[in-house]
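First, the structure itself, so that you have it in front of you.
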Amino acid sequence: MAGPVADYSDVEQLKLYRLVPIASPTDTNWHLAPNQGEVVVRARSSGDARVVAADAELDYLEIDALPGDGNSTTSSSAFRNEKLYTVVDEIDPAYPIEGPRGVVAGTVRVDNIRPSEL
């Protein structure tokens, strides 16, 4: 039995997406941002899915620190790097289409901000 069918003509209609790591564990891009594993999000588009996942990470704006470039860490998130993550439509009926924009499944770590000196 099929689940509810989304009406994609409505621009506010959200869809489910799965962000999947595709880079090798030895890929040097992982030094820039940690691997978060697979995450399912409810978003407007595949591009918006990357933004939703990145927004769930800890940001410099939420702690008493400043980044080296700009005021936010969202642009340096692994979720926004197409060499590290791919975005696919999520079709598992275990996740309801209805609901707010955000992370639906998976754990987004908040240790993505690393000190430059240990």
Side-chain angles (χ1 to χ4, degrees):
M1 183 169 150
V5 176
D7 176 11
Y8 296 116
S9 63
D10 179 0
V11 296
E12 288 304 312
Q13 176 68 44
L14 301 177
K15 197 172 164 186
L16 293 169
Y17 297 93
R18 180 176 296 271
L19 286 90
V20 181
I22 57 171
S24 161
T26 59
D27 189 311
T28 57
N29 285 304
W30 290 122
H31 297 298
L32 303 174
N35 184 341
Q36 302 275 17
E38 291 190 14
V39 177
V40 176
V41 300
R42 193 177 291 112
R44 294 180 188 98
S45 66
S46 60
D48 186 46
R50 290 181 183 278
V51 172
V52 169
D55 283 349
E57 292 178 315
L58 182 65
D59 193 7
Y60 279 107
L61 300 176
E62 299 167 337
I63 62 172
D64 188 21
L66 292 175
D69 183 26
N71 292 329
S72 177
T73 58
T74 58
S75 62
S76 61
S77 171
F79 294 121
R80 296 188 66 169
N81 186 330
E82 293 177 354
K83 293 178 180 166
L84 295 177
Y85 272 87
T86 190
V87 180
V88 295
D89 289 343
E90 177 56 55
I91 56 172
D92 188 339
Y95 307 113
I97 293 175
E98 297 80 19
R101 182 175 170 264
V103 175
V104 175
T107 302
V108 177
R109 298 170 22 198
V110 292
D111 63 348
N112 55 303
I113 297 176
R114 299 176 179 168
S116 58
E117 296 179 12
L118 295 177

Contact list for residues 25-38, test salt bridge (charged side-chain N to carboxylate O under 4.0 Å, His left out), sequence neighbours left out: Arg18-Glu38

Taken in chain and number order and not counting sequence neighbours, the residues that satisfy side chain to side chain donor-acceptor pair (under 3.5 Å) with Thr28 are none

Not counting sequence neighbours, which residues clear side chain to side chain donor-acceptor pair (under 3.5 Å) with Tyr85? List them please. Asn35

Show which residues join Val20 in its hydrophobic cluster (side-chain heavy-atom contacts under 4.5 Å, direct or indirect), or state none. Val88

Of the non-hydrogen atoms in Leu14 and Arg42, which two are nearest, and what is the gap between them? CB-CG, 3.6 Å

Which pair of non-hydrogen atoms, one from Val41 and one from Ala49, has the smallest distance, and what is that distance? CG2-CB, 3.5 Å

Can a donor-acceptor pair be found, under 3.5 Å and without considering hydrogens, that links the side chain of Arg80 to the backbone of Val51? no

Would you confirm whether Trp30, through its side chain, and Leu84, through its main-chain N or O, come within 3.5 Å as a donor-acceptor pair? no

Do you know the tightest heavy-atom contact between Val108 and Ala53? CG1-O, 4.1 Å

Could I get the full list of side chain to side chain donor-acceptor pair (under 3.5 Å) partners for Asn81, not counting sequence neighbours? none

Taking the side chain from Arg50 and the backbone from Phe79, do they hold a donor-acceptor pair closer than 3.5 Å? yes

State, to 0.1 Å, how close Ser46 and Val87 come at their nearest heavy-atom pair, and which atoms those are. CB-CG1, 3.8 Å

Take Asp48 and Arg101 through the test side-chain contact (heavy atoms from CB on, under 4.5 Å) and record every step on the way to the result. CA-CA 10 Å; Asp48 186 46; Arg101 182 175 170 264; 2.6 Å; yes

